[in-house]
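Only a predicted model underlies this, so the values are computations on that prediction, with no experimental measurement involved. If you read the sequence from its start, that first residue is 1, and numbering goes on from there.
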Amino acid sequence: MTRSKNRPLIISDCDGVLLEFIAPFVAYLDSVHDMTLKLDTFALTGNVRHRDGRVVEAAAFPPLLDGFFSTHMPSQNPVAGAADSLARLAAYCDVVVLTNIADHHALRRTDELARLGMPYRVIGNQGSKGGPIKALLDEFQPSHAVFIDDLPPNHSSAKDHVPHVHCIHMVAETPLRGLIPAAPHADIRIDDWHEALPHIETLLKGLS
Ligand SMILES: [Mg+2]
């Protein structure tokens, strides 16, 4: 792989940042499992219920998620502005998608994102993201790096491992905006790609 050194590096989460997750997952639960998801708190486990109101136990949740990614990933629509923003940044930045998804789904996710105009390298991760971000910085040796994610713990982990990375807390899905808590370790909260793109461009211009 040929790659020019010292370009800026954009590291983006996928679910809730590049692709919508909640609406297609709710549709999947309804159509395939006759279940509902009512988000009163920001937790998927505990909020999934059978039609009769019984809570789906936590142990049953991972197979539901696995089933969704196995058969319903194509129902995940792109977040508005994500593909265009990344395309613009990719003209002078490297772009990597760092997504918490099982390895066997990462390849399909790569194809799915490419189909939606986001033909970037996808890394399937488990758990905290600071370590993998550090590994990407070691690999790319970027001039600057920006990390975008909707979950506060991922920003805390990033700041632990690579405090100089610029962290954008983006909650692109409106149903989650009031539920996901603030991310104290992110540098800024921007929920919309139409605002995130000029922010990143201004930031990289100022740093170059
Ligand atoms: Mg996410």
Side-chain angles (χ1 to χ4, degrees), residues 11-83 85-86 97-118 120 122-129 132 148-157 168-183 186 189-193 196:
I11 303 168
S12 179
D13 179 35
C14 183
D15 292 302
V17 172
L18 302 181
L19 298 181
E20 292 178 354
F21 172 78
I22 294 299
F25 186 59
V26 167
Y28 156 83
L29 288 174
D30 177 57
S31 65
V32 178
H33 296 284
D34 206 24
M35 292 173 179
T36 62
L37 171 66
K38 188 164 177 291
L39 284 174
D40 297 319
T41 57
F42 180 63
L44 296 175
T45 47
N47 283 328
V48 179
R49 291 174 184 272
H50 297 281
R51 186 67 59 203
D52 61 11
R54 282 178 302 120
V55 172
V56 171
E57 65 273 28
F61 186 76
L64 291 174
L65 200 58
D66 193 65
F68 172 72
F69 286 132
S70 294
T71 58
H72 282 61
M73 202 186 283
S75 70
Q76 290 190 264
N77 288 323
V79 164
S85 298
L86 288 184
V97 178
L98 179 59
T99 174
N100 274 2
I101 197 167
D103 266 351
H104 60 284
H105 294 311
L107 272 181
R108 191 181 310 108
R109 173 148 275 178
T110 305
D111 293 343
E112 197 55 36
L113 283 169
R115 183 179 73 82
L116 296 168
M118 294 178 269
Y120 308 112
V122 173
I123 297 177
N125 183 57
Q126 304 286 324
S128 61
K129 291 191 174 179
I148 308 145
D149 203 290
D150 60 344
L151 297 184
N154 291 334
H155 291 291
S156 302
S157 178
I168 299 175
H169 185 206
M170 177 185 288
V171 184
E173 296 181 284
T174 45
L176 297 181
R177 284 184 188 157
L179 296 174
I180 292 184
R189 166 85 179 247
I190 305 176
D191 287 341
D192 188 319
W193 273 104

Below 4.5 Å, heavy atoms only, C-beta onward: do [X] and [Y] meet side chain to side chain?
{"X": "Ser12", "Y": "Met118", "answer": "no"}
{"X": "Glu112", "Y": "Phe69", "answer": "no"}
{"X": "Val79", "Y": "Trp193", "answer": "yes"}
{"X": "Ile180", "Y": "Pro152", "answer": "yes"}
{"X": "Gln76", "Y": "Phe25", "answer": "no"}
{"X": "Met170", "Y": "Asp150", "answer": "no"}
{"X": "Leu176", "Y": "Phe42", "answer": "yes"}
{"X": "Asp34", "Y": "His50", "answer": "no"}

Using atom types as modelled and distance alone, determine if a side-chain donor or acceptor of Asn154 lies under 3.5 Å from a backbone N or O of Ser157. no
Do any N or O atoms from the side chain of Asn47 and from the backbone of Leu37 form a donor-acceptor pair under 3.5 angstrom? no
Would you sort out whether Ile101 and Cys14 count as a side chain to side chain contact (heavy atoms under 4.5 Å, CB included), showing the intermediate values? CA-CA 10 Å; Ile101 197 167; Cys14 183; over 6 Å; no
Among Asp13, Asp103, Asp15, exactly one meets salt bridge (charged side-chain N to carboxylate O under 4.0 Å, His left out) together with Arg109. Which residue is that? Asp15
Could you report the tightest heavy-atom contact between [X] and [Y], atom names first, then the distance?
{"X": "Gly117", "Y": "Ala83", "value": "O-CB, 4.1 Å"}
{"X": "Leu98", "Y": "Lys129", "value": "O-NZ, 2.8 Å"}
{"X": "Pro132", "Y": "Ser128", "value": "CD-O, 3.7 Å"}
{"X": "Arg49", "Y": "Gly53", "value": "NH1-O, 2.8 Å"}

Please work out which of the three classes, parallel, tilted or perpendicular, describes the rings of His155 and His169, given edges at 30° and 60°. perpendicular
Assess the residue pair Arg177 and Asp192 against the criterion (salt bridge (charged side-chain N to carboxylate O under 4.0 Å, His left out)); give the C-alpha distance rounded to whole Å, side-chain angles, the decisive distance to 0.1 Å, and a yes or no. CA-CA 11 Å; Arg177 284 184 188 157; Asp192 188 319; 5.6 Å; no
Between Tyr28 and Thr71, is a side chain to side chain contact (heavy atoms under 4.5 Å, CB included) present by the stated rule, with each step listed? CA-CA 9 Å; Tyr28 156 83; Thr71 58; 4.3 Å; yes
Mind checking the [atom1]-[atom2] spacing from [X] to [Y]? Nearest 0.5 Å is all I need.
{"X": "Leu151", "Y": "Asn100", "atom1": "CG", "atom2": "CG", "answer": "8.0 Å"}
{"X": "Thr36", "Y": "Asp30", "atom1": "OG1", "atom2": "CG", "answer": "8.5 Å"}
{"X": "Ile148", "Y": "Leu18", "atom1": "CD1", "atom2": "CG", "answer": "7.5 Å"}
{"X": "Leu179", "Y": "Thr174", "atom1": "CG", "atom2": "OG1", "answer": "10.5 Å"}
{"X": "Tyr120", "Y": "Leu113", "atom1": "OH", "atom2": "CG", "answer": "9.5 Å"}
{"X": "Met35", "Y": "Arg51", "atom1": "CE", "atom2": "CZ", "answer": "10.0 Å"}

So, applying side-chain hydrogen bond (donor to acceptor under 3.5 Å, both in side chains) with His105, which one of Asp66, Thr110, Thr99 is it? Asp66
